[in-house]
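Below is one structure, written out as structure tokens; the observations come after it.
All chains are named by letter (A, B, ...) in the order of the sequence lines, taking the proteins before the strands, and each is independently numbered beginning at 1. Because the structure is predicted, anything quoted here is derived from the model rather than measured.
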Amino acid sequence: MRAWMKALAVLLALLTGVAVADTVERTLDNGLKVIVKRDARAPVVVSQLWYRAGSMDESYGVTGVAHVLEHMMFKGTPAVPAGEFSRRIAAAGGRENAFTSRDHTVYHQTLQADRLELAFSLEADRMVNLALSPEDFAKEIQVVMEERRLRTEDNPQALLFEALMATAYQTHPYRHPVIGWMHDLQHMRLEDARDWYQRWYAPGNAVLVVVGDVHPEAVFDLAQRHFGAVPARAVPLRKPHDEVEPRGMRSITVKAPARLPAVYLAWQVPRLTDPANDWEPYALEVLDGVLDGHASARLTRALVKEQQLAVAVASGYDPVSRGPALFMVSATAAEGKPLDEVVAGLKREIERIQREGVDARELERVKAQVLAGQVFEQDSLFFQAMQIGEWESAGLAHRQRRLRIEKLRQVTAQQVQEVARRYLVDDRLSLARLEPLPTEAAAMRPAVIHLGDGHAR
Amino acid sequence: MPARGLMLALALLLALPAWAGLAIQHWTTAGGARVYFVENRDLPMLDVSVSFAAGSARDTRERSGLARMTQQLMSLGAGDWSEQEVAERLADVGALLSGHFDPDRAGFSLRTLSSREEREQSVGVLRAVLAAPRFEAAVLAREQARAIAGLKEAATKPQYLGERALQAAVFGDHPYALDESGEIDALARLARDDLVAFHRQHYRASNATLAIMGDIGRAEAEALAEALTADLPPGDAPPPIPPVRVSARGSEQVIPHPATQSHLFLGLPAIERGDPDFFPLIVGNYILGGGGFDSRIMQEVRVRRGLAYSAYSAFQPMQALGPFVMGLQTRREATAEALRVVRETLEAFLRDGPTEAELVQAKNYLVGSFPLRLDSNRKILDQLAAIGFYRLPLDWLDTYISRVEAVTREDVLRAFRNRIRPEAMHTVIVGGQPDAAQR
């Protein structure tokens with residue numbers, strides 16, 4: 001407990017110190033929310049523009065369109081031709097990219113702090129003026145299909161995860177992969193991307209998060225200057241999506257070229273909706289830490305080290321999301337160990353907690369790690385901005401994230417046992433198994449051919 | 001609150017210009033370990049890395065995997081503590097211990113809260129891990145089985161197959177050709193005595209480089225460095241890595257694989273740490289294939305033709321000559337076209353060099369992004385560790401910008417032509433069209 005008090009004091013000191021300040025927030029007239037956190041440890045700033053539009057907002061036939069539009073956002077406007085966005089940021093010594101997830105699409109730049117205006121001017125321009133030419137689309141959709149081949153088609157673990165999602169979610173759009181099904185990509189049209197852009201890329205559907213060596217008032221002025229002129233636009237009504245209550249265990253098998261069998265277990269669990277009053281999501285976070293929080297936590301100790309049923313195990317739970325959450329456990333079998341034994345071993349560890357609970361030392365250990373993690377995460381500007389964006393995107397006020405430490409501290413051993421009993425049960429479970437197919441090619445010895453002089457041109 | 005007001009005023013007065021240099025403090029411990037230290041009190045945390053010339057370049061074919069296995073087992077039981085206790089003692093204070101390993105370097109990084117109790121406990125664990133690993137036989141047997149399973153699994157993946165084949169072709173009989181994780185038959189032969197001997201020969205203070213970054217003063221940092229290295233085995237640092245021989249002729253191989261994409265890898269030995277041509281090569285490579293969408297390879301392969309998601313070139317400087325590599329992944333039927341495009345892009349660059357506009361753009365990026373390389377404790381620690389291990393000058397970072405700015409088109413062209421001869425380039429295609437090799 002003493003360590004807790006001390007670390008809390010340290011965190012409070014950080015917030016009142018000179019180098020790092022709390023966030024300041026303002027909403028422009030057109031609805032764009034701007035959140036600024038000053039961190040002056042280095043003369044650098046991170047800017048992230050979060051659009052609350054991800055693959056969960058897609059419908060059948062156009063899966064992957066959120067991500068395709070993300071690619072097209074680099075294809076230029078009348079004022080900033082294709083490729084110029086990246087070129088201008090690079091010329092200023094900046095780094096930039098974007099990513100699409102189930103919940104949102106995020107465009108981000110990292111620059112020397114006094115060059116933030118460049119990022120704002122370019123982002124504001126492409127929020128309304130995107131050109132979207134058929135020629136660029138024809139090539140870019142090929143690139144996206146290559147991305148799908150690289151990341152998913154030829155990656156057995158990714159195929160397994162994709163199958164798990166399509167199984168664990170029956171009615172919620174989380175069942176679609178973010179990159180889209182290949183069939184939908186093959187039939188994607190420029191109009192699909194344009195519709196998406198016109199529907200979701202409105203200032204009122206976005207949050208601009210800025211963290212770095214900047215002063216909030218100056219950032220608000222810059223935001224007003226560049227984003228202020230973007231007209232407000234209504235965002236279409238969002239129909240609520242839900243996942244049907246599970247009525248028994250679901251199971252799927254994927255066969256793909258690999259050597260070792262692997263398995264995912266995923267249970268439907270609550271997500272964080274009321275940070276001040278919820279307790280179950282915090283208890284599930286602690287459970288995750290007890291199972292897999294360090295190099296010799298329960299799952300690794302039991303399955304990898306003692307029983308040697310698996311070569312690798314992991315658990316995972318993210319309480320912050322727009323859609324329904326899963327608590328996941330995964331394992332890769334050791335050579336010659338049947339997957340059924342691995343699954344039984346994983347379930348034994350869950351059942352042990354359901355039956356016996358967790359001990360006080362384990363609980364304290366997880367809490368110590370949470371606390372240290374809270375300090376360590378301040379080392380990365382990008383990570384700090386990510387946390388703010390994740391919370392806002394999930395419909396939570398980012399300022400409530402500060403409750404997290406205290407709420408996690410209050411979690412009791414009984415609560416950890418209780419959420420394990422309540423949620424980690426077979427009726428809420430989806431199970432995905434990877435059955436390896438042989439890759440004869442992998443066993444072949446490559447032949448080395450020495451080339452003649454004609455090789456180089 | 002006058003004290004705080006005064007502090008604030010002082011802090012504002014002391015606000016520094018964009019780049020004021022990194023105050024690197026350097027000394028050598030009593031046992032001969034070299035220490036590189038930056039004090040920074042902004043966050044109540046401390047990062048420490050300890051590196052040894054004990055990477056896979058110290059392996060032999062007969063014992064391939066010994067270096068990696070030694071490093072891996074060091075944190076799985078040390079001194080008074082079992083592997084379970086090592087992990088728990090770290091987690092109890094929220095500390096993170098991670099290993100790092102490559103052909104040149106092996107070692108550990110510790111991230112801990114800087115408060116005394118937490119720091120002393122985590123540093124105590126690291127001290128035991130470095131000097132008193134147990135190398136328990138049962139743990140070794142388990143980790144051997146895991147490593148072998150991992151290699152067999154990896155051998156189903158086109159990325160691994162391609163990188164391994166290229167590494168073998170580029171480095172021939174040099175130890176850089178060895179798989180960092182070892183070979184299956186060699187791993188199976190490793191015995192506890194091998195690990196004990198490897199540790200005794202390589203994990204010596206004379207062979208250690210420490211980087212320390214964060215919330216600690218000079219006197220404490222000195223005491224920390226002495227404590228971490230005091231129990232290390234005595235003796236001299238190992239001999240330098242033998243020079244890499246660049247073969248006059250390249251090679252080409254096609255590895256069959258059922259994947260939907262072909263993976264293309266090209267490379268040859270090209271650059272060492274502290275290389276006099278380092279700056280012309282990195283400036284040129286930004287233009288050729290290192291600068292993402294700003295690079296010619298990305299423009300030709302992805303933007304103009306939609307052939308790949310990722311396409312790149314890179315220099316990987318190492319103690320001895322490290323590789324220049326190029327690569328991409330494309331649908332099988334486009335293999336020959338993609339290979340032709342990447343080769344032609346390289347050949348055009350070697351023929352004509354960069355344009356003046358490209359050179360300006362590359363320099364603007366490398367100069368302008370310099371502060372981004374040092375914007376966190378983690379990044380500064382990594383810079384310190386590299387400067388220390390490779391014995392780069394202490395003003396390496398201070399002169400970085402001016403040395404980028406001094407690069408001319410002629411420098412780039414000369415450096416590239418010296419280092420990259422297309423006829424010496426090795427090519428590996430995993431998957432692919434049957435006739436890709438003939439183009």
**Message:** Just to verify, what does E335(A) make a side-chain contact (heavy atoms from CB on, under 4.5 Å) with, not counting sequence neighbours?
**Reply:** R259(A), L260(A), A149(B), K152(B)

**Message:** For F293(B), does the six-membered ring have the charged nitrogen or CZ of R87(A) within the cation-pi criterion, i.e. under 6.0 angstrom from the centroid and within 45° of the normal?
**Reply:** no

**Item:** Among the listed options A138(A), A334(A), A312(A), G94(A), the residue most often paired with chain B at heavy-atom distances under 4.5 Å
**Value:** G94(A)

**Donor-acceptor contact present, side-chain N377(B) to main-chain K379(B), <3.5 Å** = no

**Asked** By number, which residues in residues 299-307 of chain A have some heavy atom less than 4.5 Å away from chain B?
**Response** R301(A), V304(A), K305(A)

**Item:** No-hydrogen, no-angle side-chain donor-acceptor test under 3.5 Å, S98(B) and R111(B)
**Value:** no

**Prompt:** What pairs with H71(A) under ring pair (Phe, Tyr, Trp, His ring centres under 6.0 Å), at least two apart in sequence or on another chain?
**Reply:** H67(A)

**Item:** chain B contact via R115(A) - side chain, backbone, both or neither, heavy atoms under 4.5 Å
**Value:** side chain

**Prompt:** What option among E135(A), Q142(A), R95(A), K75(A) has the most heavy-atom pairs under 4.5 Å with chain B?
**Reply:** R95(A)

**Fill in**
Given the options R343(B), E252(B), H426(B), L266(B) meets side chain to side chain contact (heavy atoms under 4.5 Å, CB included) only with R343(B)

**Message:** Less than 4.5 Å to any heavy atom of chain B: does that hold for the side chain of E140(A), its backbone, both, or neither?
**Reply:** side chain

**Top contributor to chain A interface from V93(B), T330(B), V367(B) [non-hydrogen pairs under 4.5 Å]** = T330(B)

**Item:** Under the side-chain contact (heavy atoms from CB on, under 4.5 Å) test, residues paired with A168(B) that sit two or more places apart
**Value:** none

**Message:** Taking side chain as everything from C-beta outward and backbone as N, CA, C, O, which of these in A42(A) sits under 4.5 Å from a heavy atom of chain B? Side chain, backbone, both or neither.
**Reply:** side chain

**Request:** Measure I89(A) against the heavy atoms of chain B and call it side chain, backbone, both or neither at under 4.5 Å.
**Result:** neither

**Message:** Can you confirm if the aromatic rings of F382(A) and H108(A) lie within a centre distance of less than 6.0 Å?
**Reply:** yes

**Prompt:** Quick one: are F370(B) and V404(B) in side-chain contact, heavy atoms under 4.5 Å?
**Reply:** no

**Message:** Among A258(A), P257(A), S86(A), which residue has the highest count of heavy-atom pairs closer than 4.5 Å to chain B?
**Reply:** A258(A)

**Request:** Could you tell me which of A310(A), G93(A), S380(A) has the largest number of non-hydrogen atom pairs under 4.5 Å with chain B?
**Result:** G93(A)

**Message:** Using a 3.5 Å distance criterion without hydrogens, assess whether the side chain of S114(B) forms a donor-acceptor pair with backbone atoms of P44(B).
**Reply:** yes

